[in-house]
Colleague: 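Here it is: the structure, laid out below.
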Amino acid sequence: MYTKIDVKNAYRVFTGGPLVTISTLSAEGTADIMTAAWSCPFDSDELLLVLSTEHTTSENIRNGSKIVVALPSKEQVNEALKAGSVHGRDVGDKFKAQSLESVESELFKIPSLKNALAYFEGECSDLNLFKDKGICLLKVKNVYARTDMWNAAEENFNPGCFNTMHHVSGGIFASGADLIKG
């Protein structure tokens with residue numbers, strides 16, 4: 001037996017990748033951070049991010065800002081909610097306005113969420129696609145994972161994958177799972 005779901009909620013059944021924060025700088029150098037629930041790998045060194053074109057972050061990306069994507073841990077749910085609860089155009093520097101601790105990314109020197117599980121520094125590789133659809137193909141230039149979240153022997157993000165958050169709805173997130181071998 002199945003329950004018919006309104007198609008406007010199809011994404012809630014399918015879900016996206018892990019919740020991420022996206023940090024950019026305005027042309028004037030103002031730091032911005034937002035949360036995004038629609039993200040996934042696109043290629044071995046490219047991520048796919050879907051953003052509303054109305055976000056301050058989107059404006060920064062259209063204006064050529066470099067991008068830092070962070071994977072917040074499940075312990076950072078409150079920080080993630082703070083990052084996504086106000087608009088940068090209304091408060092300026094969201095790190096300061098929301099009292100979010102930051103760390104500067106190594107390559108681009110952009111503030112990002114401190115103590116996240118991992119960071120990706122990159123650039124939007126197709127600005128026309130982003131301007132038209134809000135789809136950012138992020139060409140990754142650097143990746144950093146917390147040492148305790150990276151399995152060097154297997155070259156994977158185990159146990160990091162147990163600590164990411166996946167948006168369910170509103171302020172509800174899922175985290176953790178079992179590894180299944182086939």
Side-chain angles (χ1 to χ4, degrees), residues 1-24 32-58 61 67-88 94 98 100 112-113 115-120 122 124-126 128-140 143 145-146 148-182:
M1 180 164 289
Y2 291 91
T3 299
K4 183 172 173 120
I5 307 293
D6 189 318
V7 295
K8 71 179 182 182
N9 291 320
Y11 73 97
R12 288 193 175 163
V13 176
F14 194 73
T15 71
L19 180 82
V20 298
T21 63
I22 301 171
S23 299
T24 57
D32 187 60
I33 183 172
M34 67 168 284
T35 54
W38 294 358
S39 63
C40 66
F42 182 72
D43 204 343
S44 61
D45 63 348
E46 208 162 17
L47 305 178
L48 185 144
L49 309 167
V50 182
L51 312 176
S52 165
T53 57
E54 303 302 314
H55 289 297
T56 304
T57 301
S58 298
I61 293 169
I67 303 162
V68 179
V69 174
L71 290 172
S73 72
K74 61 186 177 185
E75 289 80 20
Q76 294 179 297
V77 65
N78 292 326
E79 289 88 342
L81 289 169
K82 282 182 180 182
S85 66
V86 296
H87 290 286
K94 284 175 46 174
Q98 297 293 80
L100 294 169
S112 187
L113 188 64
N115 297 319
L117 300 169
Y119 301 89
F120 305 81
C124 185
S125 64
D126 188 335
N128 290 327
L129 178 63
F130 184 68
K131 288 175 185 176
D132 186 42
K133 300 288 184 187
I135 298 170
C136 177
L137 299 178
L138 181 77
K139 184 68 170 177
V140 177
V143 182
R146 277 189 8 204
D148 61 332
M149 296 294 123
W150 182 252
N151 181 333
E154 296 290 329
E155 293 186 322
N156 63 38
F157 196 53
N158 166 21
C161 63
F162 297 115
N163 296 286
T164 59
M165 290 185 284
H166 295 260
H167 185 251
V168 176
S169 72
I172 301 171
F173 302 88
S175 182
D178 295 324
L179 291 180
I180 303 166
K181 274 190 158 182

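Index from 1, following the sequence. All values below were derived from every heavy atom in this structure, side-chain atoms included, with hydrogens, water molecules and symmetry-related copies excluded.
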Colleague: Identify all side-chain donor-acceptor contacts of residues 1-8 below 3.5 Å with residues at least two apart in sequence or on another chain.
Modeller:
residue: D6; atom: OD1; partner: K8; partner atom: N; Å: 3.0

Colleague: If you measure from CE on M34 to OG1 on T24, what distance do you get to the nearest 0.5 Å?
Modeller: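 Separation between the atoms: 9.0 Å.
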Colleague: Just how far is it from atom CG of N156 to atom SG of C161, taken to the nearest 0.5 Å?
Modeller: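 One finds 7.5 Å between CG of N156 and SG of C161.
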Colleague: Is the count of non-hydrogen atoms from other residues, nucleotides or ligands lying under 6.0 Å from F162 atom CZ greater than 12?
Modeller: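 Atom CZ in F162 is packed in, count exceeds 12.
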Colleague: I need the minimum non-hydrogen distance between N163 and S175, along with the two atoms involved.
Modeller: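 What the structure gives for the nearest pair is C-OG, 3.9 Å.
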Colleague: Over all heavy atoms of both residues, which pair between L51 and S58 is shortest? Give the atoms and the distance, please.
Modeller: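 In terms of heavy atoms, the two residues are closest at CB-OG, 3.8 Å.
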Colleague: Within the distance-only criterion (no hydrogens, no angle test), does the side chain of N151 pair as donor or acceptor with the backbone N or O of A153 below 3.5 angstrom?
Modeller: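 A pair under 3.5 Å: yes.
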Colleague: So, applying side chain to side chain contact (heavy atoms under 4.5 Å, CB included) with I22, which one of T57, T35, L113 is it?
Modeller: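 Among T57, T35, L113, the one meeting side chain to side chain contact (heavy atoms under 4.5 Å, CB included) with I22 is T57.
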Colleague: Run the side-chain donor-acceptor check on residues 67-85: report pairs under 3.5 Å with partners two or more places apart or on a different chain.
Modeller:
residue: S73; atom: OG; partner: E75; partner atom: N; Å: 3.3
residue: S73; atom: OG; partner: E75; partner atom: OE1; Å: 3.2
residue: Q76; atom: OE1; partner: S73; partner atom: N; Å: 3.0
residue: Q76; atom: NE2; partner: K114; partner atom: O; Å: 2.7
residue: S85; atom: OG; partner: L81; partner atom: O; Å: 3.4
residue: S85; atom: OG; partner: K82; partner atom: O; Å: 3.1
residue: S85; atom: OG; partner: Q98; partner atom: NE2; Å: 3.0

Colleague: Could you check if a side-chain atom of F120 sits within less than 4.5 angstrom of a side-chain atom of V20, using non-hydrogen atoms only?
Modeller: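 No, their side chains stay 4.5 Å or more apart.
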Colleague: If you look at every heavy atom in G88 and K94, which pair is closest and at what distance?
Modeller: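 For G88 versus K94, the nearest heavy atoms are N-CD, 3.5 Å.
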Colleague: Taking distance alone, no hydrogens or angles, what donor-acceptor pairs closer than 3.5 Å link side-chain atoms of residues 128-138 to residues at least two apart or in another chain?
Modeller:
none

Colleague: When you measure from the side chain of S39 to the backbone N and O of P18, does any donor-acceptor pair fall under 3.5 Å?
Modeller: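 Such a contact is found between S39 side chain and P18 backbone.
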Colleague: How would you list, by chain and number, every residue that makes a side chain to side chain contact (heavy atoms under 4.5 Å, CB included) with S52, sequence neighbours excluded?
Modeller: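 For S52 the side chain to side chain contact (heavy atoms under 4.5 Å, CB included) partners, ignoring immediate neighbours, are E54, H55.
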Colleague: Which residues satisfy the ring-ring contact (aromatic ring centres under 6.0 Å, His included) test with F173, sequence neighbours excluded?
Modeller: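 F173 satisfies ring-ring contact (aromatic ring centres under 6.0 Å, His included) with H167 once adjacent residues are dropped.
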Colleague: List for me each residue that meets side chain to side chain contact (heavy atoms under 4.5 Å, CB included) alongside E155, sequence neighbours excluded, and say none if there are none.
Modeller: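 Partners of E155 under the side chain to side chain contact (heavy atoms under 4.5 Å, CB included) test: W150.
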